Amino acid sequence: MSSYFTDLARQYIDGEWRPGTGSWDVIDFNPYDDEKLASITVATVDEVDEAYQAAARAQRKWAETNPYTRRAVFERALRLIEDREQEIADLIIAELGGTRVKAGFELHLAKEFLRESVHLALRPEGRILPSPTEGKENRVYRVPVGVVGVISPFNFPFLLSLKSVAPALALGNAVVLKPHQNTPIAGGTLLAKIFEDAGLPGGLLNVVVTDIAEIGDAFLEHPVPKVISFTGSDKVGRHVATVCARHFKRAVLELGGNSALVVLDDADIDYAVDAAVFSRFVHQGQVCMAANRVLVDASVAEEFTEKFVAKVRTLKVGDPRDPETVIGPVINTAQANAVSGTVEQALAEGATALVRGTATNNLVGPTVLTGVPAGSPLLRQEVFGPVVFLVPFEGEEEAVRIVNDTPYGLSGAVHTADVERGVAFAKRIDTGMFHVNDGTVHDEPIVPFGGEKHSGLGRLNGETTLEAFTTVKWISVQHGRSAFPF
């Protein structure tokens with residue numbers, strides 16, 4: 001077991017490592033073999049307050065620090081991740097059941113986002129705007145919001161914590177991070193350790209491992225944070241948005257999805273099969289951008305289905321530490337039961353299982369379903385596991401209608417021999433992101449990442465991160481004398 005699980009099983013508040021004072025512990029289990037990795041006494045409402053107060057105290061001096069000085073912290077953090085990459089990968093595999101391929105994918109993206117944060121420290125720019133008043137100069141400053149609260153999920157905890165934490169810090173804010181209870185180390189205290197070792201001053205990043213059963217809405221309602229960045233389900237996201245609105249806070253919400261990968265009649269079938277298998281089954285399908293639905297033009301459905309099913313049958317299910325494993329465990333028993341329940345419901349509605357994965361504890365094999373009734377709610381909801389629905393269609397109009405028939409609008413993909421046909425198709429889909437001749441699962445440091453409808457509010461990455469974690473302030477200067485009416 002990595003020493004990280006014993007060394008980092010604590011709260012990190014105001015630059016100090018200490019136990020929580022709650023009345024119960026978060027138990028961190030390996031989802032593959034149920035090994036107990038760590039036990040962390042939860043943080044209380046008082047400790048959440050201490051974390052936010054420490055962040056507020058540290059932030060003002062940090063915001064006044066030369067951005068080139070701030071940038072150096074992120075350069076050192078990047079080197080530390082590179083130096084410790086194998087240890088971090090092993091931690092990801094153990095704590096969340098990610099395969100070695102998945103851990104490598106997550107770490108690659110995390111490093112790319114950290115490189116962008118190095119540059120982000122220098123990006124805020126002000127403007128001077130003209131005024132109708134003689135002698136007046138209008139200055140518009142872009143300034144940090146102050147303190148940002150970050151709530152991260154269990155599926156890509158290191159990356160999805162980092163992609164809010166690092167930009168917020170780079171732009172002169174302080175952060176309080178609450179990781180998911182299933183991934184308190186990879187999504188929380190590991191980041192604190194890396195930034196502490198990189199020289200980030202104490203108090204600027206605080207990590208509280210806790211749960212709403214202990215603190216209720218205290219993390220959201222606290223008067224210090226001006227922005228809450230939440231990644232998770234749309235159900236919880238709706239609650240976060242409601243609480244934030246009530247307290248006049250900005251909410252940045254990266255929520256669930258029900259993405260579709262569409263195979264048009266002129267697609268490269270072999271390539272589309274590869275893209276579809278990856279898009280559905282990467283990290284056991286526990287990805288918000290995963291292709292829950294694969295839509296195939298009826299004219300090529302037989303060929304596609306035969307090749308897709310054959311490839312799915314080759315996916316190795318098992319120990320995520322094995323480099324040959326493609327599908328490891330889902331995060332916990334509740335998730336495994338939910339996935340099995342989805343399959344049972346689909347079969348009860350008349351669907352046919354072309355591949356029927358077996359479930360052993362948290363290991364759930366891949367299932368390929370066809371013939372799900374068109375009106376089934378299963379086709380409209382997010383399925384967070386290795387289950388895929390194959391849906392035939394007749395022509396593009398029907399494909400567009402089916403893809404859009406969901407309350408979600410995060411990602412998607414279309415495969416076609418005609419790139420411009422693909423772009424025209426993409427423009428008709430109600431999503432924040434869409435990909436032509438590729439998979440549905442993508443994230444890059446400078447593109448606007450986010451969804452429409454129930455898939456979220458706001459965007460992250462690149463210029464949109466500036467909008468998320470800074471605000472603008474108008475300061476006017478009168479160089480002459482204003483004339484007042486009385």
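Predicted model, so just to flag it, every value in this text is computed and none were measured.
By the 6.0 Å and 45° rule, K226 does not stack over the aromatic ring of F469. Judged by a 6.0 Å distance limit and a 45° cone about the ring axis, K163 is not positioned over the six-membered ring of F156.
In terms of heavy-atom proximity, L261 sits nearest to A272 at CD2-O, 4.4 Å. Nearest heavy-atom pair across S376 and V372 is CB-CG1, 3.6 Å. The heavy-atom pair separating V165 from L177 by the smallest distance is CG2-CD2, 4.2 Å. The minimum heavy-atom distance linking D443 with L109 is given by the pair O-CD2, 3.2 Å. Among all heavy-atom pairs drawn from R142 and L466, the shortest one is NH1-O, 3.6 Å. Across every non-hydrogen atom of V355 and P366, the tightest pair is CG1-O, 3.4 Å.
Checking side-chain atoms of R70 against main-chain N and O of A170 turns up a donor-acceptor pair under 3.5 Å. Under the 3.5 Å distance criterion, the side-chain polar atoms of S161 are left unmatched by any main-chain donor or acceptor of G188. Side-chain atoms of H247 do not come within 3.5 Å of backbone N or O of H222 as any donor-acceptor pair. With hydrogens and angles disregarded, no donor-acceptor distance shorter than 3.5 Å links the side chain of D265 to the backbone of V300. Distance alone, capped at 3.5 Å, places no donor-acceptor pair between the E221 side chain and the V243 backbone. Panel note: side chain T440, backbone G412; no donor-acceptor pair is recorded below 3.5 Å. Side chain of T189 to backbone of A192: no donor-acceptor contact under 3.5 angstrom is found. Between the D430 side chain and the K453 main chain, no donor and acceptor come within less than 3.5 Å of each other. Judged purely by atom type and a 3.5 angstrom limit, T99 uses its side chain to pair as donor or acceptor with the backbone of K102. Side-chain N or O atoms of R280 include one that pairs as donor or acceptor with a backbone N or O of G385 at under 3.5 Å.
Atoms CD1 and CZ, on I194 and R79 in that order, are 13.5 Å from each other to the nearest 0.5 Å. Taken to the nearest 0.5 Å, the CG atom of L160 stands 8.5 Å off from the CZ atom of F113. Interatomic distance, F74 CZ to L78 CG, rounded to the nearest 0.5 Å: 11.5 Å. Between atom CD of residue E254 and atom OG of residue S164 there is a gap of 7.5 Å, rounded to the nearest 0.5 Å. Distance check, rounded to the nearest 0.5 Å: CZ of R76 to CG of D83 gives 13.5 Å. Distance OG1/T231 to NE2/H180: 11.5 Å, rounded to 0.5 Å.
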Practice prompt. Begin from the C-alpha positions of Q286 and Q335 and carry the test side-chain contact (heavy atoms from CB on, under 4.5 Å) through to its verdict.
Written response: CA-CA 10 Å; Q286 299 174 120; Q335 195 64 34; 4.1 Å; yes
Fill in: Intermediate values then yes/no, salt bridge (charged side-chain N to carboxylate O under 4.0 Å, His left out), R321 and D90
CA-CA 8 Å; R321 293 167 294 193; D90 289 343; over 6 Å; no
Practice prompt. List the steps, then state whether salt bridge (charged side-chain N to carboxylate O under 4.0 Å, His left out) holds for E85 with K111.
Written response: CA-CA 10 Å; E85 193 159 347; K111 290 184 292 181; 3.1 Å; yes
Discussion item. The test is salt bridge (charged side-chain N to carboxylate O under 4.0 Å, His left out); show your working for E397 and R401 and say whether it passes.
Written reply: CA-CA 6 Å; E397 290 300 321; R401 179 186 61 76; over 6 Å; no
Discussion item. Assess the residue pair E87 and K193 against the criterion (salt bridge (charged side-chain N to carboxylate O under 4.0 Å, His left out)); give the C-alpha distance rounded to whole Å, side-chain angles, the decisive distance to 0.1 Å, and a yes or no.
Written reply: CA-CA 13 Å; E87 291 175 88; K193 177 62 175 172; over 6 Å; no
Discussion item. What verdict does the side-chain contact (heavy atoms from CB on, under 4.5 Å) test give for F393 and L264, after you've listed the backbone C-alpha separation in whole Å, the side-chain angles of each residue and the deciding distance to 0.1 Å?
Written reply: CA-CA 9 Å; F393 64 86; L264 298 182; 3.9 Å; yes
Worksheet entry | side-chain contact (heavy atoms from CB on, under 4.5 Å) between I151 and L220, intermediate numbers included | CA-CA 10 Å; I151 303 173; L220 305 174; 3.8 Å; yes
Worksheet entry | Pair F434-V414, side-chain contact (heavy atoms from CB on, under 4.5 Å): steps then yes or no | CA-CA 8 Å; F434 209 82; V414 62; 3.8 Å; yes
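When side chains are defined from C-beta on, I88 counts as touching L107, because their heavy atoms get closer than 4.5 Å. Side-chain contact between L204 and V175 is absent, with no heavy atoms from C-beta onward closer than 4.5 Å. Put simply, the side chain of V296 does not reach to within 4.5 Å of the side chain of V391, judged on heavy atoms. Annotation: side chain of V207 is in contact with side chain of P179 (closest heavy-atom distance under 4.5 Å). Side chains of M433 and T431 form no contact here, defined as non-hydrogen atoms less than 4.5 Å apart. Residues F278 and V441 form a side-chain contact, since some pair of their non-hydrogen atoms from C-beta on lies under 4.5 Å apart. The closest side-chain heavy-atom distance from L171 to P124 is below 4.5 Å. Annotation: side chain of Y408 is not in contact with side chain of L255 (no heavy-atom distance under 4.5 Å).
Under the 3.5 Å distance criterion, with hydrogens and angles disregarded, a donor-acceptor pair is assigned to the side chains of H239 and D217. In summary, the side chains of D418 and T416 do not present any donor paired with an acceptor at a separation below 3.5 Å, with no hydrogens or angles considered. Checked by atom type, the side-chain pair D211/Q181 shows a donor-acceptor distance below 3.5 Å. Defined by atom type and a distance below 3.5 Å, a donor-acceptor pair is missing between the side-chain atoms of N206 and Y12.
A salt bridge links E116 and R123; the closest N-O separation between the charged side-chain nitrogens and carboxylate oxygens is under 4.0 Å. Ion pairing between R421 and D266 holds under the 4.0 Å rule for side-chain N and carboxylate O. Salt bridge annotation for E303-K307: present, with a cationic side-chain nitrogen under 4.0 angstrom from a carboxylate oxygen. For the pair E82 and R115, the salt-bridge criterion is met [side-chain N within less than 4.0 Å of a carboxylate O].
Results of the side chain to side chain contact (heavy atoms under 4.5 Å, CB included) test with R293 over V388, L390, T406 single out T406 as the only residue that passes.
At most 12 heavy atoms of other shown residues, nucleotides or ligands fall within 6.0 angstrom of atom CD in E306. The 12-atom threshold is not exceeded at CG of N361, counting heavy atoms of other residues, nucleotides or ligands nearer than 6.0 Å. When the shell of 6.0 Å around CZ of R238 is examined, it contains 12 or fewer heavy atoms from other residues, nucleotides or ligands. More than 12 heavy atoms of other residues, nucleotides or ligands sit less than 6.0 Å from atom CG of L80. In I27, the CD1 atom is crowded: over 12 heavy atoms of neighbouring residues, nucleotides or ligands sit closer than 6.0 Å.
The aromatic rings of F384 and F154 sit perpendicular to each other, their planes meeting at more than 60°, with 30° as the lower class boundary.
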